[in-house]
Amino acid sequence: MNKMCKKTIVLLFAFILALSLISCEKEIPDYAATNELITNGNGGKTDVGTWYMTYNNSTMWSNNFGSGNPIEYKALISRNPDKYGIPNSGDVDEIDMHLEMLAEAKIDFVVFDITNGGLTSALVYGTGNEWIVDNAKLTCERIALWNEKNEWQIKYALAIGTYGAIREGKPYGYVAEVQAEAVYKDFYENEVYGGDHYYQVDGKPLLILFDWDTNAVEEWNYYAGDRTYGDRFTIRAAQCGELGTYGWQTNYGTVIHDEVELVSPGFANNHGSFIAREDGAYYRRNWEKLLSNKLPRIVMVMAFNDFNEHLAVMPADSSGCNDVWEEKWEDENGNIDNYMYWNMTVNGIRQIRIMNGEMQGEFTGLVIDNTDDADALQLDIDLLVCLFAIGLTTGMLCAAVICVIAVVKHIARTQQNEIP
């Protein structure tokens with residue numbers, strides 16, 4: 001083979017390699033959200049919300065839902081350095097850490113789980129749960145303070161219970177109405193943390209009705225009694241993950257819908273209902289189904305810190321879990337990973353922002369990357385050096401330069417991860 005032929009082959013190889021490196025990123029599909037539902041989120045095409053629990057130190061931690069079983073998870077309670085333990089929603093430092101994490105992840109709003117009563121003396125069920133409401137109010141105070149000082153705004157909404165036990169024979173609509181009155185007066189009209197701090201849909205504050213037996217929105221629409229306060233809200237339902245509902249356990253996985261879709265890591269309520277986490281595989285499938293279809297207006301993450309029903313995605317130490325109801329958070333190699341579900345959540349939200357054209361970066365359609373970023377960058381640099389050396393050795397400076405430019409562009413593109 002003559003010298004000119006060899007140079008031609010090397011040059012051709014360089015061009016092919018450069019083309020593959022420059023174009024290897026997965027093309028962003030035309031799946032940006034188009035639902036024009038009006039909200040007061042942060043202005044994105046898709047708002048991301050997550051359910052939020054309030055805890056009172058050891059209350060409910062030693063006897064989860066009266067099951068006789070303690071909660072074995074240890075939640076992240078402080079950072080730098082990380083410290084794990086029983087969460088306390090009366091600790092403002094802990095609340096502020098949560099808000100900081102939610103903002104870092106670009107989550108627009110939280111939904112307080114007040115589905116176990118405690119809002120009003122008009123209902124007997126939930127008496128003794130007033131501390132849940134009080135801690136929610138404290139968290140709302142911190143949200144208002146956060147929003148005064150930070151560009152990324154965090155809003156909140158409430159979910160109330162309308163299931164059989166809380167109704168105790170009372171009309172469905174009445175139970176929703178008396179709680180709606182409490183939410184409106186105690187939260188939405190509050191001078192410190194009401195108004196625009198409360199998450200709004202179509203110009204009204206959002207109120208979610210939870211009933212696992214029936215669609216609460218349909219029941220509310222049938223109600224012919226006093227609706228003075230209920231009608232001041234945009235009413236939505238939480239049930240068992242059915243089409244268009246905002247929670248609860250995802251019995252059907254992620255269900256595609258133009259307004260709202262749920263992603264959940266699993267579920268276990270210590271009373272028979274169980275959806276295995278599968279070492280993160282169930283959560284990944286939920287996210288990847290969402291990311292492979294047109295995005296909805298709202299994505300609900302089930303849930304930020306619900307350790308009662310094992311829905312939590314925030315960092316936690318699961319090493320003490322029994323692997324029956326409470327699964328250890330293990331990666332594919334069997335190693336405990338405290339940030340496993342939180343990292344997937346952050347990556348999933350980032351993919352949403354990229355798909356909607358609101359953030360720069362590489363679209364993968366995935367929420368997990370098995371290659372550490374630093375290792376990947378080092379591989380790119382090693383490849384650059386190697387290709388340049390090969391080009392010089394063969395006397396093909398042009399080929400070496402082409403390879404260098406291609407790899408540099410590849411590194412630059414994969415490192416773009418900030419909102420422009």
Side-chain angles (χ1 to χ4, degrees), residues 39-42 47-61 75-80 83 85-121 126 128-161 179-201 204-208 229 232-234 300-301 303-308 312 314:
T39 75
N40 64 337
N42 285 282
D47 288 350
V48 179
T50 186
W51 287 73
Y52 190 93
M53 312 290 286
T54 58
Y55 292 102
N56 193 16
N57 207 356
S58 61
T59 303
M60 294 183 72
W61 215 257
L76 180 70
I77 57 176
S78 66
R79 299 198 288 183
N80 301 317
K83 182 180 178 181
I86 297 174
N88 180 6
S89 298
D91 185 336
V92 295
D93 291 334
E94 201 168 314
I95 296 170
D96 291 347
M97 178 193 72
H98 289 171
L99 298 179
E100 185 178 71
M101 294 174 66
L102 293 168
E104 289 170 356
K106 305 303 179 188
I107 289 174
D108 296 277
F109 68 100
V110 297
V111 174
F112 290 108
D113 181 359
I114 315 293
T115 60
N116 292 299
L119 275 167
T120 172
S121 59
N129 286 341
E130 291 80 7
W131 60 269
I132 297 175
V133 180
D134 291 341
N135 282 344
K137 291 177 179 178
L138 176 60
T139 305
C140 290
E141 290 177 7
R142 304 307 294 181
I143 287 175
L145 186 60
W146 170 274
N147 290 339
E148 289 177 8
K149 298 179 178 180
N150 295 277
E151 182 178 356
W152 187 267
Q153 301 286 283
I154 299 172
K155 307 300 172 74
Y156 72 90
L158 266 67
I160 60 175
Q179 292 181 92
E181 179 180 2
V183 175
Y184 195 85
K185 291 180 176 179
D186 295 345
F187 287 86
Y188 185 69
E189 287 193 322
N190 185 277
E191 294 181 356
V192 175
Y193 51 78
D196 192 53
H197 296 297
Y198 198 111
Y199 185 68
Q200 298 169 35
V201 174
K204 295 181 179 181
L206 174 67
L207 184 64
I208 298 173
Y229 289 94
R232 296 180 184 181
F233 289 90
T234 293
M300 290 300 301
V301 177
F304 178 71
N305 63 340
D306 181 3
F307 293 97
N308 291 104
M314 72 167 289

Worksheet item: Cut-off 3.5 Å, side chains only: do Y198 and N190 have a donor facing an acceptor?
Response: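 Their side chains do not contain a donor-acceptor pair, so the 3.5 Å distance test is not met.
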
Worksheet entry | Derivation of the side-chain contact (heavy atoms from CB on, under 4.5 Å) call for Y193 and N147 | CA-CA 10 Å; Y193 51 78; N147 290 339; over 6 Å; no

Which atom of [X] lies closest to which atom of [Y], heavy atoms considered:
X	Y	result
N308	M53	OD1-CE, 3.8 Å
A144	V192	CB-O, 3.5 Å
I114	A136	CD1-CB, 4.1 Å
L76	M101	CD2-SD, 4.1 Å
A159	V111	CB-CG1, 3.8 Å

Worksheet item: Got M314 and H98 here, is their nearest side-chain heavy-atom distance under 4.5 Å?
Response: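 Result yes, sub-4.5 Å side-chain heavy-atom pair found.
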
Discussion item. Quick one, L145 and L99 - any side-chain contact, counting heavy atoms below 4.5 Å?
Written reply: no

Fill in: CA sep, side-chain torsions, deciding dist, call: T120, E181, side-chain contact (heavy atoms from CB on, under 4.5 Å)
CA-CA 9 Å; T120 172; E181 179 180 2; over 6 Å; no

Enter the distance from [X]:[atom1] to [Y]:[atom2] here, rounded to the nearest 0.5 Å.
X	Y	atom1	atom2	answer
T54	K137	OG1	NZ	11.5 Å
I160	N116	CD1	CG	12.5 Å
D113	D306	CG	CG	6.5 Å
Q153	E148	CD	CD	9.5 Å
T139	F112	OG1	CZ	4.5 Å
I154	I107	CD1	CD1	8.5 Å

Discussion item. Evaluate T39 against F109 for side-chain contact (heavy atoms from CB on, under 4.5 Å), listing each step before the verdict.
Written reply: CA-CA 11 Å; T39 75; F109 68 100; over 6 Å; no

Main-chain N/O of [Y] paired to [X] side chain as donor or acceptor, under 3.5 Å:
X	Y	answer
E130	G128	yes
W146	W152	yes
Q179	L119	no
T50	F304	yes
D47	D108	no
S89	Y55	yes

Discussion item. So that I know where these two stand, are Y156 and Y199 an aromatic pair - ring centroids less than 6.0 Å apart?
Written reply: no

Worksheet entry | Residues, nucleotides or ligands: over 12 heavy atoms within 6.0 Å of E191 CD | no

Discussion item. With side-chain contact (heavy atoms from CB on, under 4.5 Å) as the test, pick out the partner of Y188 among R232, Q200, K204, H197.
Written reply: Q200

